[in-house]
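To keep things clear, I will list the structure first and then write my remarks on it.
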Amino acid sequence: MTADHKMGRLINWHNYANTESWAGGVSDGVNGVASLFESMNGVTGSPLKAKKSGFFLGDTIVTLSAGINSSDANNQAETAVLNRKLNANGQQTFLVDEQEISAAQTLQNPRWALLTGSDSSSNLGVSFLSDASVNAQKQSGTGSW
């Protein structure tokens, strides 16, 4: 089996151009960091941009995003900060600033959010480091992704 079959083969690589000049990372096999200044301009023509970093610390991942914006006045920039498959009965608790979320609502300037997992080691949480209007909802759905 060739390397192309093990990993797949990139086709039309030029269609995935990032027009920004920074992407990089380093790892020692256990811990690592990766960062990217991302632009959608070379992919879709969109002026959407974001700066993203991921820190991989053993079994913990910390991600940071900044500068998520678009100069397109007709399309406001958005990002999903917690997106996770619920268990079969959907019993995970979704908290934002100690308030349980069960229906869609817009929250002003929350500080943190937590979605519980099947046990405490699979909880997923985020901290909001700057003020923002956040649309929070817990919902089930079907489909393929």
Side-chain angles (χ1 to χ4, degrees), residues 4 7-145:
D4 285 345
M7 299 295 289
R9 184 190 295 172
L10 294 174
I11 298 172
N12 296 325
W13 178 251
H14 67 278
N15 290 334
Y16 302 100
N18 182 1
T19 58
E20 298 304 324
S21 60
W22 173 253
V26 65
S27 172
D28 65 5
V30 176
N31 300 302
V33 63
S35 65
L36 170 71
F37 184 4
E38 182 177 30
S39 168
M40 295 301 294
N41 193 40
V43 179
T44 65
S46 166
L48 180 64
K49 293 184 177 187
K51 296 175 183 173
K52 299 179 179 183
S53 295
F55 300 87
F56 309 94
L57 310 166
D59 64 355
T60 300
I61 300 172
V62 176
T63 60
L64 300 173
S65 299
I68 301 170
N69 64 65
S70 173
S71 60
D72 183 348
N74 296 318
N75 294 297
Q76 183 177 0
E78 295 181 351
T79 188
V81 294
L82 276 177
N83 191 355
R84 183 181 200 159
K85 182 178 179 179
L86 298 176
N87 61 22
N89 59 18
Q91 294 302 308
Q92 289 100 321
T93 301
F94 181 35
L95 298 170
V96 178
D97 288 343
E98 299 184 28
Q99 173 187 350
E100 186 167 354
I101 304 297
S102 57
Q105 54 190 291
T106 301
L107 305 167
Q108 295 302 318
N109 308 323
R111 300 287 55 141
W112 59 267
L114 173 73
L115 180 63
T116 61
S118 55
D119 60 55
S120 63
S121 68
S122 61
N123 291 345
L124 183 62
V126 298
S127 295
F128 299 100
L129 302 178
S130 61
D131 292 344
S133 176
V134 174
N135 296 319
Q137 64 183 10
K138 177 184 169 187
Q139 69 180 32
S140 62
T142 60
S144 299
W145 292 269

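Residue numbers count from 1 along this sequence.
Crowding of D131 atom CG: a count of heavy atoms from other residues, nucleotides or ligands under 6.0 Å exceeding 12. Sparse packing is recorded around CD of Q76, with 12 or fewer heavy atoms of other residues, nucleotides or ligands lying under 6.0 Å away.
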Apply side chain to side chain contact (heavy atoms under 4.5 Å, CB included) to residues V126 and R111 and explain how you reach the verdict.
CA-CA 9 Å; V126 298; R111 300 287 55 141; over 6 Å; no

Tell me, with the steps shown, if V96 and Q105 meet side chain to side chain contact (heavy atoms under 4.5 Å, CB included).
CA-CA 11 Å; V96 178; Q105 54 190 291; over 6 Å; no

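A donor-acceptor pair is defined here as one N or O able to donate and one able to accept, closer than 3.5 Å; no such pair exists between the side chain of S46 and the backbone of M40. Counting only distance, with no hydrogens or angles, the side chain of N69 and the backbone of L48 share no donor-acceptor pair below 3.5 Å.
L95 contributes atom CG, which lies 8.0 Å from atom CD1 of I101 (distance to the nearest 0.5 angstrom). Distance CG/N109 to CG/D97: 9.5 Å, rounded to 0.5 Å.
For the residue pair N135 and T106, a side-chain donor N or O sits within less than 3.5 Å of a side-chain acceptor on the partner.
Nearest heavy-atom pair, T116 versus T93, reported as atom, atom and distance to 0.1 Å: OG1-N, 2.8 Å. When all heavy atoms of S70 and A77 are compared, the closest pair comes out as N-CB, 4.0 Å. Between F128 and W112, the closest heavy-atom pair is CD1-N, 3.8 Å. The two residues F94 and A113 have their closest heavy-atom pair at CE1-CB, 4.1 Å.
Looking at residues two or more places apart in sequence or on another chain, you find no salt bridge (Lys or Arg N to Asp or Glu O under 4.0 Å) involving D28.
The one candidate from V33, T60, T63, I61 that meets the side-chain contact (heavy atoms from CB on, under 4.5 Å) condition with F55 is V33. Just one of K49, E38, K51 meets the side-chain contact (heavy atoms from CB on, under 4.5 Å) condition when paired with E20; it is K49.
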